[in-house]
Amino acid sequence: MSEFKIRFRGIRGSYPVANEKFLKYGGNTACVEINIDGRIIILDSGTGLISLGDELMQNYINSGTTLSNRTPVNVSILLSHIHQDHISGIPFFAPLHVASTRVNLFGNPTNNSTLEDEISESLFNKTFPLNSSDISADVVCYDINETNIIIIKKDNTAILTNICELSNIKHNDEDIIISCYKSYAHPKHGVMIYRIEYKGKSLVYATDKESYIGGDVKLAKFARNCNCLIHDSQYTTEDYQSIYSPKQGFGHSTFEMARDVKKQTNAEKLVFYHYDPSYDDDKLDQIAEDIAEENLIFAKEGLEIIL
Ligand SMILES: [Zn+2]
Ligand SMILES: [Zn+2]
């Protein structure tokens with residue numbers, strides 16, 4: 001039987017927190033691991049990526065006794081955007097420093113740049129002991145836009161195509177199909193929303209996106225009838241509307257906005273995600289109690305959902 005497993009590695013927005021009051025939900029920034037019949041797709045690469053890297057590294061070491069007979073790490077990473085809380089785990093992703101590793105890195109570069117240049121400059125050349133050219137792994141960066149479709153084949157090879165050419169590509173039901181669209185409801189350069197489909201199951205990842213009261217028609221269309229919607233829920237409505245420090249225009253949603261999108265899309269499950277780093281376990285427990293409803297799930301580090 002096929003498996004579509006989601007595991008939350010980092011659920012925090014903005015910056016990581018390390019404090020005893022944050023142990024229940026976790027303090028690492030955005031990273032979700034998807035394991036589809038052994039193929040690993042990673043949504044964002046905040047500090048949550050580091051524990052996944054350590055686990056993959058251990059599996060790699062245990063898979064054989066020599067460099068030549070071990071099974072290399074081979075993953076695809078989909079970046080929503082390149083704000084720090086979505087990329088800062090990359091330099092510390094242990095398999096990156098092993099020559100046999102293959103990483104397919106997908107993202108939408110900002111104006112007049114490439115994803116490779118942006119990652120190299122912001123994470124390595126100026127801010128890390130290693131230059132990007134010193135990285136051992138085979139990292140292939142793909143600049144994507146909303147016309148693109150990504151296909152992950154059974155042998156883990158990634159094919160980048162677009163909506164018009166999709167019908168010309170031979171594919172079968174073992175393929176994982178990933179579509180995307182760009183939302184501009186996040187400063188400064190917008191954010192990519194992803195939909196991952198496999199054998200009739202689907203997951204939509206919509207983080208760092210400000211929604212509207214009542215929902216979001218474009219997202220609702222894109223996410224229609226998905227099995228699981230992971231949606232930005234950075235603020236309570238009270239904090240969003242605070243007269244002292246209003247959050248409108250910050251590019252994040254409230255728990256209620258996320259719930260409205262779920263209703264509008266007819267999503268089976270909604271996972272609240274990307275909490276404000278000031279929201280400790282007590283505050284999140286209180287929000288969860290107030291909003292309790294079937295199929296509303298609060299992301300926590302280590303939480304697994306099987307579709
Ligand atoms: Zn973020
Ligand atoms: Zn952001």
Side-chain angles (χ1 to χ4, degrees), residues 3 5-13 15-18 22-23 25-64 67 70-107 115-116 118-120 122-125 127-142 152 156-158 176 178 194 196 205 207 230 273-274 299-305:
E3 190 170 61
K5 194 162 77 180
I6 304 162
R7 185 177 167 93
F8 290 83
R9 294 278 178 174
I11 50 77
R12 201 55 69 173
Y15 56 84
V17 276
F22 292 80
L23 293 175
Y25 292 87
N28 283 297
T29 58
C31 182
V32 183
E33 170 194 355
I34 314 296
N35 188 323
I36 298 179
D37 286 341
R39 282 169 276 179
I40 295 177
I41 298 164
I42 302 165
L43 294 162
D44 279 326
S45 296
T47 59
L49 179 70
I50 300 165
S51 70
L52 170 58
D54 294 345
E55 213 172 289
L56 293 173
M57 198 64 198
Q58 203 51 55
N59 294 344
Y60 166 71
I61 291 166
N62 295 342
S63 70
L67 283 178
R70 288 189 176 123
T71 309
V73 173
N74 186 343
V75 298
S76 293
I77 299 178
L78 309 175
L79 296 178
S80 60
H81 62 318
I82 59 158
H83 284 171
Q84 289 177 32
D85 51 328
H86 299 258
I87 59 170
S88 57
I90 291 176
F92 306 100
F93 182 61
L96 206 61
H97 306 289
V98 174
S100 61
T101 298
R102 165 76 181 222
V103 177
N104 298 309
L105 187 61
F106 297 90
L115 182 65
E116 189 171 357
E118 287 184 337
I119 294 292
S120 296
S122 57
L123 287 179
F124 293 99
N125 304 353
T127 57
F128 195 68
L130 296 176
N131 284 327
S132 56
S133 56
D134 299 326
I135 297 303
S136 307
D138 180 18
V139 181
V140 182
C141 293
Y142 295 87
I152 310 286
N156 234 333
T157 50
I176 300 166
I178 302 165
Y194 293 102
I196 302 174
Y205 181 73
T207 191
I230 300 172
Y273 179 69
H274 199 281
K300 286 179 195 166
E301 271 178 44
L303 172 73
E304 269 187 16
I305 297 172

Worksheet item: Does any N or O in the side chain of Glu33 come within less than 3.5 Å of the main-chain N or O of Leu52, such that one atom is a donor and the other an acceptor?
Response: no

Worksheet item: Stepwise, does the side chain to side chain contact (heavy atoms under 4.5 Å, CB included) test hold for Cys31 with Ile42?
Response: CA-CA 7 Å; Cys31 182; Ile42 302 165; 3.7 Å; yes

Worksheet item: Between Thr101 (side chain) and Pro95 (backbone), is there a donor-acceptor pair under 3.5 Å?
Response: yes

Worksheet item: Measuring from Arg7:CZ to Glu55:CD, what's the distance to the nearest 0.5 Å?
Response: 6.0 Å

Worksheet entry | Validation row: Val98, Met57 side chains within 4.5 angstrom (heavy atoms) | yes

Worksheet item: What residues form a ring pair (Phe, Tyr, Trp, His ring centres under 6.0 Å) with Phe22, not counting sequence neighbours?
Response: none

Response to the item:
Heavy-atom nearest pair, Asn104 first then Asn156, reads ND2-O, 4.2 Å

Worksheet entry | Minimum heavy-atom distance between Asp44 and His86, given as atom pair plus value | OD2-ND1, 2.8 Å

Practice prompt. May I have the step-by-step check of side chain to side chain contact (heavy atoms under 4.5 Å, CB included) for Glu301 and Phe8, ending in yes or no?
Written response: CA-CA 5 Å; Glu301 271 178 44; Phe8 290 83; 6.0 Å; no

Discussion item. If I take atom CD1 from residue Ile90 and atom CG from residue Leu123, how far apart are they, to the nearest 0.5 angstrom?
Written reply: 5.5 Å

Discussion item. Main chain of Ser63, side chain of Arg70: is a donor-acceptor contact present, judged purely on distance under 3.5 Å?
Written reply: no

Discussion item. So does Gly46 get a backbone contact from the side chain of Thr29, meaning a donor-acceptor N/O pair under 3.5 Å?
Written reply: no

Discussion item. Using 0.5 Å steps for rounding, measure from the SG atom of Cys141 to the CD atom of Glu116.
Written reply: 5.0 Å

Worksheet item: Got a second to check how far Asn28's CG is from Ser88's OG, nearest 0.5 Å?
Response: 9.0 Å

Worksheet item: CZ/Phe124 to CG/Leu96 distance, rounded to the nearest 0.5 angstrom?
Response: 5.5 Å

Fill in: Close side-chain approach of Val139 to Ile119, heavy-atom, < 4.5 Å
no

Discussion item. What I'd like to find out is whether the side chain of Leu43 reaches to under 4.5 Å of the side chain of Ile6, using heavy atoms alone.
Written reply: no

Worksheet item: Under the side chain to side chain contact (heavy atoms under 4.5 Å, CB included) criterion, do Val75 and Leu56 qualify, and how do the steps go?
Response: CA-CA 10 Å; Val75 298; Leu56 293 173; 4.0 Å; yes

Practice prompt. Take Ile196 and Ile176 through the test side chain to side chain contact (heavy atoms under 4.5 Å, CB included) and record every step on the way to the result.
Written response: CA-CA 7 Å; Ile196 302 174; Ile176 300 166; 3.7 Å; yes

Discussion item. I'd like to know if the side chain of Arg39 reaches the main chain of Ile152, judged simply by a donor and an acceptor atom lying under 3.5 Å from each other, with no hydrogens or angles considered.
Written reply: yes

Worksheet item: Would a 4.5 Å heavy-atom cut-off, applied to side chains only, mark His97 and Leu130 as touching?
Response: yes

Worksheet item: If every non-hydrogen atom of Leu49 is compared with every non-hydrogen atom of Phe93, which pair is closest and at what distance?
Response: CG-CD1, 3.5 Å

Fill in: Tyr142 and Phe106 aromatic ring geometry - parallel, tilted or perpendicular at 30°/60° bounds
parallel

Worksheet item: Out of curiosity, Glu3 CD to Asn35 CG, how far, rounded to the nearest 0.5 Å?
Response: 6.5 Å

Practice prompt. Find out whether Tyr273 and Ile11 are in side-chain contact, i.e. whether some heavy atom of one side chain is under 4.5 Å from a heavy atom of the other.
Written response: yes

Fill in: Short side-chain to backbone donor-acceptor contact, Asn125 and Ser132, under 3.5 Å
yes

Fill in: Considering all heavy atoms, the nearest Ser45-Ile77 contact
OG-CG2, 3.2 Å

